[in-house]
Asker: 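Would you mind keeping the following structure in view while I ask a few things?
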Amino acid sequence: MKLTEHFTLDEFTHSTIASRLKIDNSVPAELVPNIQLTAIKLELVRKALGKPIIITSGYRCPALNTRVGGVSTSAHTKGLAVDFHCAYGNPKEICQRLIDAGVQFDKLIQEHNQWVHIGLVRAITVK
Ligand SMILES: [Zn+2]
């Protein structure tokens, strides 16, 4: 399912850990609108960086979230956060660029200098 010009629902649900552990990480229908909004927001992130974004973790069902050690309130479980990397640069450079470009977010974290976590809870309306 295509969400926006550059993002599909599959990119948000794909998880090698979930596949390996046979965890069903499909998105409940009521959370699809959140993911659509996150994808729209990610288009702005992509535009600011000028290069494709590789999502390493998008939506996480509660079972998967527990398994990867996420906190129970993680925005990933609502479809409102994404971990990604991008050929633009390292996580620090990506974070700085997003700040300079004025991209709105709730949380922006450079995780272990390996990927960027962006949370969009406050940036958009959540039911
Ligand atoms: Zn994250």
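In listed order, ligands and their atoms are each counted from 1. These figures come from a predicted structure and were not determined experimentally.
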Asker: Can you tell me the N, O or S atom of H76 that's nearest the Zn ion (ligand 1)?
Answerer: NE2
Asker: At a threshold of 2.8 Å, where the distance has to be below it, does the Zn ion (ligand 1) have an N, O or S atom of D83 nearby?
Answerer: yes
Asker: So do I54 and C86 actually touch side chain to side chain, heavy atoms under 4.5 Å?
Answerer: no
Asker: Please find the pair of heavy atoms, one from K78 and one from N34, that lie closest to each other, and give the distance.
Answerer: O-ND2, 2.9 Å
Asker: Given R60 and D83, is the salt bridge (charged side-chain N to carboxylate O under 4.0 Å, His left out) satisfied, shown in steps?
Answerer: CA-CA 11 Å; R60 289 182 203 150; D83 297 341; 3.2 Å; yes
Asker: What N, O or S atom of H117 is found closest to the Zn ion (ligand 1)?
Answerer: ND1
Asker: Could you check whether any side-chain heavy atom of D10 comes within less than 4.5 Å of a side-chain heavy atom of K2, counting everything from C-beta outward?
Answerer: no
